Colleague: 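If you scroll down you'll find the structure; I have some questions about it.
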Amino acid sequence: MVASLKARGYIRSPEVERAMSIVPRHLFLPADVRGEAYSDTPLSIGEGQTISAPHMVAMMAEALELRPGHKVLEIGTGSGYNAAVMAEVVGKEGSTITIERHASLAEKARIALREAGYDNVSVMTGDGSIGHEEGAPYDRIAVTCGAPSIPRPLMDQLKDGGLLVIPVGGLSYQSLLRVRKMGQNISTEDLGSVVFVPLLGEKGHRPSDQVR
Ligand code: SAH
């Protein structure tokens, strides 16, 4: 899997290559789809949610320019796999807080993260569209669900010089944006079209938006 992601240009740095070679993706999957763990495909994890395809995890990790020691916030824990990859890159000196709105998924992710040995990840249950003020500021913020726009609280909770990666757009597809905060200046780069499940919540889509 890693060799193919590298050959296709998704993995570019030794840090991300090492992390994705180490994190056991099968531990983050329900038993019925474990056989597919090392295929480059999103998979169903329950509650109508999906674990992102490995190439998307690689793309986000590279876009975030993660380094050892970084303090990371993730919105949308899902299976916990993406959090584990980021935790592996930031190492023991770093830390990762991840927020999931479905308590059942948060609990499964906690178990998988513990089993895989990532005790530097805290899984919270709640609405991540407003971020997590208590742990701010963050060096990096990764949003792994599609937002209608960039939630203001996330920009406020990002460190000066920090990076936020977030899919922004409608319910069927989004643009993956990389946002850099430099004092009062914000620069935004579009990394291409992506498909994520929606960010639901106060600064996200309304649950009723989905019924159409
Ligand atoms: N990073 C995940 C993929 C997650 S799919 C992985 O590695 O498996 C996106 C997740 O975002 C879903 O589990 C969904 O329930 C969650 N989500 C959607 N809106 C949210 C919100 N406002 N706060 C926290 N989690 C949210």
Side-chain angles (χ1 to χ4, degrees), residues 1 5 16 19-20 23-30 33-34 36-61 63-64 66 72-89 96-113 115-116 118 121-133 135 140-154 157 164-169 171 173-174 176 194-210:
M1 180 183 93
L5 294 175
V16 174
M20 291 193 73
V23 181
R25 190 168 181 252
H26 64 274
L27 288 186
F28 296 86
L29 292 172
V33 294
R34 276 195 177 184
E36 295 285 323
Y38 299 97
S39 308
D40 189 16
T41 178
L43 295 163
S44 192
I45 54 169
E47 304 286 359
Q49 308 302 323
T50 49
I51 178 174
S52 303
H55 75 265
M56 193 51 61
V57 172
M59 214 172 136
M60 290 189 98
L64 282 168
L66 294 172
V72 181
L73 176 68
E74 178 189 39
I75 315 304
T77 311
S79 65
Y81 175 71
N82 191 59
V85 169
M86 296 194 298
E88 187 60 56
V89 178
T96 303
I97 297 176
T98 178
I99 311 180
E100 171 56 51
R101 62 186 285 276
H102 286 287
S104 62
L105 294 179
E107 191 48 32
K108 284 182 199 156
R110 265 183 215 114
I111 293 167
L113 285 160
E115 208 181 332
Y118 295 99
V121 180
S122 314
V123 182
M124 324 279 297
T125 302
D127 178 8
S129 76
I130 55 167
H132 183 67
E133 183 63 47
R140 300 292 187 257
I141 301 180
V143 181
T144 64
C145 33
S149 57
I150 300 170
R152 178 64 198 258
L154 299 186
Q157 292 169 28
L164 161 71
V165 172
I166 180 170
V168 173
L171 294 173
Y173 69 94
Q174 306 85 31
L176 187 65
V194 291
V195 178
F196 278 85
V197 299
L199 171 79
L200 300 176
E202 192 181 322
K203 304 286 176 192
H205 293 282
R206 302 281 145 188
S208 57
D209 294 349
Q210 284 187 298

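Remember, predicted model here, so these are calculated numbers, not experimental data. All ligand and atom numbering here is 1-based and tracks the order in the structure.
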Colleague: Enumerate the atoms of ligand 1 whose separation from the nearest heavy atom of I99 is less than 4.0 angstrom.
Modeller: 24 (C), 25 (N)
Colleague: Do any nitrogen or oxygen atoms of R101 lie less than 3.5 angstrom from nitrogen or oxygen atoms of ligand 1?
Modeller: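 N/O-N/O distance below 3.5 Å exists for this pair.
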Colleague: If the cut-off is 4.0 Å to any non-hydrogen atom of S79, which atoms of ligand 1 fall inside it?
Modeller: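 By the 4.0 Å cutoff, the relevant atoms are 6 (C), 7 (O), 8 (O).
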Colleague: Mind listing the closest non-hydrogen atom pair of G76 and T144 along with its distance?
Modeller: O-OG1, 2.7 Å
Colleague: Is there a donor-acceptor contact under 3.5 Å linking the side chains of T41 and E36?
Modeller: no
Colleague: Using a strict cut-off of 4.0 Å, indicate which atoms of ligand 1 neighbour a heavy atom of V197.
Modeller: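 Those qualifying, in numeric order: 5 (S), 9 (C).
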Colleague: Decide side-chain contact (heavy atoms from CB on, under 4.5 Å) for L154 and I75; before the verdict, give the C-alpha distance in whole Å, the side-chain angles of both, and the deciding distance to 0.1 Å.
Modeller: CA-CA 10 Å; L154 299 186; I75 315 304; 4.2 Å; yes
Colleague: Determine, considering heavy atoms only, which of E47, Q49, E202 sits nearest to atom 14 (C) of ligand 1.
Modeller: Q49
Colleague: Which residue holds the protein heavy atom closest to atom 11 (O) of ligand 1, what is that atom called, and what is the gap in Å?
Modeller: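 Of the protein heavy atoms, G76 CA, 3.2 Å lies nearest.
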Colleague: Please indicate whether Y173 has more than 12 foreign heavy atoms, meaning atoms of other residues, nucleotides or ligands, lying under 6.0 Å from its OH.
Modeller: no
Colleague: Give the atom numbers and elements of ligand 1 that come within less than 4.0 Å of a heavy atom of G126.
Modeller: 23 (N), 24 (C)
Colleague: For N82, counting its heavy atoms only, list the atoms of ligand 1 lying under 4.0 Å from any of them.
Modeller: 1 (N), 7 (O)
Colleague: Is R25 reaching over with its side chain to a backbone N or O of Y38, donor-acceptor style, under 3.5 angstrom?
Modeller: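 Such a contact is absent between R25 side chain and Y38 backbone.
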Colleague: Please confirm whether D127 comes within less than 3.5 Å of ligand 1 when only nitrogen or oxygen atoms on both sides are compared.
Modeller: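 Between D127 and ligand 1 (N or O atoms, distance only) the closest approach is under 3.5 Å.
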Colleague: Decide if atom CZ of R34 counts as having more than 12 heavy atoms of other residues, nucleotides or ligands within a radius under 6.0 Å.
Modeller: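 Enclosed: over 12 neighbouring heavy atoms sit under 6.0 Å from CZ of R34.
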Colleague: Which of the numbered atoms in ligand 1 are below 4.0 angstrom from a heavy atom of L105?
Modeller: 13 (O)
Colleague: Quick check: does C145 get an N/O under 3.5 Å from an N/O on ligand 1?
Modeller: no
Colleague: Between T77 and ligand 1, find which residue part has any heavy-atom pair under 4.0 Å and reply side chain, backbone, both or neither.
Modeller: backbone
Colleague: Would you mind running through ligand 1 and noting each atom that sits below 4.0 Å from a heavy atom of P198?
Modeller: 18 (C), 19 (N)
Colleague: Before giving the answer on side-chain contact (heavy atoms from CB on, under 4.5 Å), spell out for F196 and S52 the whole-Å C-alpha distance, their side-chain angles and the decisive distance to 0.1 Å.
Modeller: CA-CA 8 Å; F196 278 85; S52 303; 3.7 Å; yes
Colleague: Just do the side-chain contact (heavy atoms from CB on, under 4.5 Å) check on T77 and R110 with the steps written out, would you?
Modeller: CA-CA 10 Å; T77 311; R110 265 183 215 114; over 6 Å; no
Colleague: I'd like to check which ligand 1 atoms, numbered from 1 as shown, lie under 4.0 Å from a non-hydrogen atom of T50.
Modeller: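 In order of number, 3 (C), 4 (C), 5 (S).
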Colleague: Using a heavy-atom cut-off of under 4.0 Å, does the side chain or the backbone of H102 touch ligand 1, or both, or neither?
Modeller: side chain
Colleague: Does I51 reach ligand 1 with a nitrogen or oxygen that is under 3.5 Å from one of the ligand's nitrogen or oxygen atoms?
Modeller: no
Colleague: Is there a side-chain contact between L199 and P151 (heavy atoms, below 4.5 Å)?
Modeller: yes
Colleague: Below 4.0 Å from ligand 1: does a non-hydrogen atom of S129 turn up there or not?
Modeller: yes
Colleague: Give the minimum heavy-atom separation between E74 and A83, together with the two atoms involved.
Modeller: OE1-CB, 3.5 Å
Colleague: Considering the options V143, V165, V16, which one meets the side-chain contact (heavy atoms from CB on, under 4.5 Å) requirement together with M60?
Modeller: V165
Colleague: Please identify which of these residues, V121, L66, T98, meets the side-chain contact (heavy atoms from CB on, under 4.5 Å) condition with M86.
Modeller: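 Of all the options given, the one that passes is L66.
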Colleague: Output yes when the distance from some N or O of ligand 1 to some N or O of L200 is under 3.5 Å, and no in every other case.
Modeller: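 Yes, L200 has an N/O under 3.5 Å of an N/O on ligand 1.
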Colleague: Just to confirm my output: which protein heavy-atom neighbour is closest to atom 13 (O) of ligand 1, and how far is it?
Modeller: E100 OE1, 2.8 Å
Colleague: Got the closest protein heavy atom to atom 23 (N) of ligand 1, with its distance?
Modeller: G128 N, 2.8 Å
